[in-house]
Amino acid sequence: YDLQTADVLHIEDTIARAVAEAMNIRLPQEVGARWNQMRTTVPAAYAHYLKGLPLQRQRTPAANASAIQNYRAAIAADPKFAPAFVRLAQSMLNEIGLGARPVGEVAGEVERLVAEALRLAPDMPEALATRGWLLTEQYRMEAAVPFFSKALQLNPNDADTLRLNGYALAQLARPAEALDQYTRASELDPLDFMTHVLRCHSLRDMSRFDEAEQTCARARQLDESNVWGYIGSSWVAYARGEMAEALRWTEAAEAIEPS
């Protein structure tokens with residue numbers, strides 16, 4: 001694609017529309033309207049947003065804190081840029097899992113950010129999924145699933161939403177459905193190590209231990225510096241009754257991130 005500098009902010013939109021036209025796919029009118037609601041024409045906002053994405057994905061305290069700073073800067077540059085509100089909310093939810101803040105401390109701001117995103121872009125799938133994510137952090141799994149379902153109706157190929165829905169289903173003791181969601185997510189985004197970790201857990205819950213260990217091994221291959229691939233293998237070994245092997249993996253996790 002030979003795009004002018006002014007077109008860079010719209011590269012995703014341009015390519016998506018070109019691919020759809022090449023494949024003779026007629027995009028519904030609401031899809032185009034949704035794209036228009038979610039994009040920015042402010043270069044600084046988009047630059048900070050793009051900087052935040054890989055940092056958020058690392059799921060480490062330092063990287064997540066940097067992601068939050070970038071998303072706040074994106075919002076300051078363009079207060080109408082709905083995706084930045086959603087990503088900031090997601091990064092704040094990451095802080096719960098990273099042990100930085102309790103859910104009660106972030107819930108109010110997360111809900112305000114999601115509400116603003118939905119005001120700017122009604123029925124934005126990522127915003128609906130983020131609201132569902134907040135509910136899972138509050139252990140309200142039954143309430144969360146409808147938000148994930150609605151988000152997936154609007155965008156069935158969003159790996160993050162599939163992963164989040166899988167987690168809620170797993171907590172509701174529906175491992176087969178959870179595994180289906182994780183598998184679809186891993187096919188759409190095969191480089192996300194956390195999806196493989198969660199898929200490993202569901203396979204373990206279904207006593208498919210060999211597959212579970214292979215999946216946790218893939219998670220470690222993708223990010224050997226993150227403890228969850230090692231912890232997952234520890235749990236698989238424990239479920240098999242292999243205590244020495246479980247201890248070995250636990251010690252490997254401790255070596256990476258001492259408790």
Side-chain angles (χ1 to χ4, degrees), residues 11-23 25 27-28 30-32 34-35 38-39 49-50 52-59 63-64 67 82-83 86-87 89-91 93-94 97 117 121 123-133 136 141 144-172 174-206 208 211-212 214-223 226 228-229 232:
I11 190 169
E12 293 178 354
D13 177 277
T14 302
I15 292 175
R17 290 179 185 276
V19 170
E21 289 175 4
M23 298 179 66
I25 298 173
L27 295 174
E30 61 269 21
V31 172
R34 195 180 304 141
W35 280 344
M38 293 194 296
R39 67 187 185 184
Y49 178 78
L50 290 180
L53 293 177
L55 292 165
Q56 177 188 347
R57 190 180 176 89
Q58 289 179 36
R59 299 184 179 91
N64 196 67
V86 171
R87 289 294 184 174
Q90 292 174 350
S91 294
L93 288 169
N94 271 346
D123 282 336
M124 180 181 177
E126 297 83 358
L128 294 170
T130 304
R131 181 168 281 167
W133 182 357
T136 66
M141 306 299 168
V145 169
F147 285 101
F148 296 137
S149 297
K150 176 64 174 177
L152 289 169
Q153 286 176 8
L154 294 166
N155 182 5
N157 296 316
D158 187 84
D160 288 340
T161 303
L162 288 163
R163 186 190 69 250
L164 291 166
N165 193 36
Y167 176 78
L169 293 168
Q171 299 306 304
L172 291 168
R174 295 158 63 179
E177 293 171 81
L179 178 60
D180 174 69
Q181 299 291 286
Y182 292 146
T183 299
R184 289 171 59 195
S186 68
E187 291 168 350
L188 289 164
D189 188 359
L191 299 182
D192 181 19
F193 77 91
M194 186 54 72
T195 299
H196 292 283
V197 170
L198 293 169
R199 187 168 181 270
C200 171
H201 293 338
S202 283
L203 287 164
R204 181 206 65 212
D205 290 343
M206 299 173 71
R208 293 164 61 176
E211 293 174 82
Q214 291 170 8
T215 305
C216 271
R218 177 56 177 156
R220 291 193 300 276
Q221 184 182 40
L222 289 169
D223 190 348
N226 193 286
W228 284 106

In Å and rounded to the nearest 0.5 Å, what is the [atom1] to [atom2] distance from [X] to [Y]?
X    : Y    : atom1 : atom2 : answer
L164 : Q181 : CG    : CD    : 10.5 Å
Q90  : Q56  : CD    : CD    : 5.0 Å
R184 : L162 : CZ    : CG    : 5.0 Å
M124 : R131 : CE    : CZ    : 12.5 Å
R57  : D160 : CZ    : CG    : 7.5 Å
E177 : L169 : CD    : CG    : 5.5 Å

Where do [X] and [Y] come nearest, in terms of heavy atoms and distance?
X    : Y    : result
C216 : G229 : CB-O, 3.8 Å
N64  : S91  : ND2-O, 2.8 Å
D189 : A159 : CB-CB, 3.7 Å
T130 : A89  : CG2-CB, 3.9 Å
A168 : V145 : CB-CG2, 4.0 Å
G52  : A67  : O-CB, 3.6 Å

Could you check if a side-chain atom of [X] sits within less than 4.5 angstrom of a side-chain atom of [Y], using non-hydrogen atoms only?
X    : Y    : result
Y167 : R163 : no
D158 : F148 : no
E126 : N155 : yes
L154 : L128 : yes
T183 : L179 : yes

When you check the gap from the basic side-chain N to the acidic O, do R59 and D192 get nearer than 4.0 Å? yes
K150 and D123: CA distance, side-chain angles, deciding distance, side-chain contact (heavy atoms from CB on, under 4.5 Å) verdict: CA-CA 9 Å; K150 176 64 174 177; D123 282 336; 4.3 Å; yes
Can you pull the ring pair (Phe, Tyr, Trp, His ring centres under 6.0 Å) pairs that have at least one residue in residues 175-205, sequence neighbours excluded? H201-W235
Could you tell me whether a side-chain N or O of S202 sits under 3.5 Å from a main-chain N or O of R199, the two making a donor and an acceptor? no
Residue set satisfying side chain to side chain donor-acceptor pair (under 3.5 Å) with W228, at least two apart, ordered chain then number -> none
Passes side-chain contact (heavy atoms from CB on, under 4.5 Å), N165 versus L152? Steps please. CA-CA 9 Å; N165 193 36; L152 289 169; 4.0 Å; yes
